[in-house]
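All ligand and atom numbering here is 1-based and tracks the order in the structure. One is the number of the first residue; the rest follow in order along the sequence. The shown structure was predicted, so the numbers you read here are calculated from the model rather than taken from an experiment.
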Amino acid sequence: KRHKFWETQPVGQYKDVGDFTLIEGPIEPPTPLSDVKQEPYNLPAAYEWTTCDMDSQETCDEVYLLLMNNYVEDDENMFRFNYSKEFLRWALRVPGYYRSWHIGVRAKASKKLVAFITGVPARIRVNDEVVKMAEVNFLCVHKKLRSKRLAPVLIKEVTRRVHLENIWQAAYTAGVVLPTPITTCQYWHRSLNPKKLIDVGFSRLGARMTMSRTIKLYKLPGSTVTPGFRKMELRDVPAVTRLLRNYLSQFVVAPDFDEHDVQHWLIPRDNVVDSYLVESPENHDITDFCSFYTLPSSILGNQAHSTLKAAYSYYNVSTKTPLPQLMNDALIVAKQKDFDVFNALDIMHNESFLKDLKFGPGDGQLHYYLYNYRVRSGMKPSELGLVLL
Ligand SMILES: CCOC(=O)c1cnc2ccc(OC)cc2c1SCCC#N
């Protein structure tokens, strides 16, 4: 497939795949800041750039509504992601964030927000190199403005603003194949509310299965089973940081989290992120950790249900409790919190519990990309330790 825009960018090109003479690392060197374009890229005349201050209730509402009505849908247009406002503030106001990287496009006449793209700073380790990157996310163009070639301008503008902060690499994901994924992951889904998933048409009754038999199949205990399993608290940040850093060190690509990062990303926030750990009853060591984030979706075109309450597996570490048992406790908590489905990618060690815990493979794939950084090709999802929201 032709990628007019991506063939002009410093990303792995299809012709490079399998070329083992290419070494891992930046594709292009940094340019002197004086050579970075100082003014924004040109938009079509009727539109203007705007910086979205997520601290402003009004602006946060506009971003929320733009995404709620125009962001990513599945291939069958059954669902559309419905990121909440508190989730967006969590995802965007990260330690060391730049407000200038929260980029909007408004129609000059109406001042309506019609497009959005964001970057947040992150330290990502690739093999033995820790690289300052931008995690680029929430690229969204209003449905009425599609095919005006706005997306390439948004991508060039966020790239320009990232360059102005002397950062030359980025990480991003997409459901579509672009030049060139570092790895491709599979979504897996564990029904928590099978009746609702059948009502909306996502799941179908199995052959020779009644609804009550299906509900029984996915039934979970009313409470968690692991002794010492409890919610994470602020006092746990140092121990969880140690546990997580050690665990993530085994993956080819993973975040280089410090205690500030752990505090931001993993301290529980209602309706945004849930984190649990196992504190050994004998010696109070923290031996295991699991977490999931809350990302509802609008259910499109269904009379009975309007919203799908979905939990997404985030970072999980098991050093004592078997991972399937730890994750089953996560399922139990998610069911207690009335989630309809628990989703997970086949990254890290997730494959070790997906089938046992009755996850089913989704038909969607998630491709991971690095901008201006070459990774030795052939990376497996199990070598990936990075979850992007
Ligand atoms: C019931 C299982 O499917 C989803 O949870 C879901 C929900 N909303 C979406 C919105 C846009 C969308 O676009 C790809 C997919 C979904 C999906 S499936 C892929 C995410 C996961 N797991």
Side-chain angles (χ1 to χ4, degrees), residues 64-84 87-88 91 116 137-141 143 146 151 172-178 181 183-206 214-215 217-218 220 271-274 291-302 304-316 327 330-331 334-335 337-348 350-351 353-355 357-369 381 384 386-389:
Y64 168 74
L65 285 170
L66 175 74
L67 295 174
M68 177 176 176
N69 293 312
N70 300 280
Y71 199 45
V72 182
E73 299 173 13
D74 66 298
D75 288 346
E76 289 159 39
N77 308 107
M78 185 180 294
F79 302 120
R80 186 187 305 126
F81 288 130
N82 182 11
Y83 287 86
S84 70
F87 188 109
L88 291 169
F116 190 59
N137 203 348
F138 301 115
L139 167 58
C140 181
V141 173
K143 283 170 178 272
R146 300 285 166 87
Y172 52 104
T173 59
V176 291
V177 180
L178 305 167
T183 195
T184 293
C185 313
Q186 189 80 38
Y187 280 116
W188 288 72
H189 314 293
R190 205 287 184 185
S191 291
L192 299 175
N193 182 348
K195 180 176 181 322
K196 182 168 176 181
L197 294 181
I198 289 168
D199 285 352
V200 307
F202 175 77
S203 307
R204 284 182 306 286
L205 263 188
T214 302
I215 290 167
L217 172 68
Y218 290 109
L220 289 161
N271 298 314
V272 172
V273 58
D274 285 88
S291 59
F292 53 87
Y293 59 84
T294 299
L295 170 48
S297 282
S298 302
I299 301 171
L300 307 174
N302 186 281
H305 306 281
S306 60
T307 301
L308 178 81
K309 192 172 177 187
Y312 287 73
S313 177
Y314 197 33
Y315 290 99
N316 308 300
M327 294 309 295
L331 292 177
K335 177 63 181 173
K337 290 167 171 275
D338 205 27
F339 283 91
D340 298 321
V341 65
F342 192 101
N343 295 323
L345 290 165
D346 58 352
I347 62 176
M348 295 185 270
N350 291 355
E351 271 185 301
F353 61 79
L354 291 169
K355 289 196 180 92
L357 298 190
K358 299 183 182 125
F359 284 74
D363 52 18
Q365 290 190 313
L366 190 67
H367 308 279
Y368 273 72
Y369 301 93
L384 179 63
L386 175 65
V387 179
L388 295 182
L389 302 171

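Looking from atom 6 (C) of ligand 1 to the surrounding protein, the closest heavy atom is Phe79 CD1, 3.8 Å. Of all protein heavy atoms, the one closest to atom 7 (C) of ligand 1 is Ser297 OG, 3.4 Å. The closest protein non-hydrogen atom to atom 2 (C) of ligand 1 is His189 ND1, 3.3 Å. Among all protein heavy atoms, the one lying closest to atom 12 (C) of ligand 1 is Asp74 N, 3.5 Å.
Between Tyr187 and ligand 1, a contact under 3.5 Å exists for no N or O pair. The shortest N or O to N or O distance between Trp188 and ligand 1 is not under 3.5 Å. Residue Arg80 has no nitrogen or oxygen atom sitting less than 3.5 Å from a nitrogen or oxygen atom of ligand 1, judged on distance alone.
Within 6.0 Å of CG on Asp75 lie no more than 12 heavy atoms contributed by other residues, nucleotides or ligands.
Judged by distance alone, the side chains of Asn82 and Tyr64 do bring a donor and an acceptor atom under 3.5 Å apart.
Taking Lys355 as the reference, nothing meets the side-chain hydrogen bond (donor to acceptor under 3.5 Å, both in side chains) condition, with sequence neighbours excluded. Under the side-chain hydrogen bond (donor to acceptor under 3.5 Å, both in side chains) criterion, Asn350 pairs with no residue at all, not counting sequence neighbours.
Here the closest heavy-atom approach between residue Val200 and residue His305 is recorded as CG1-CD2, 3.8 Å.
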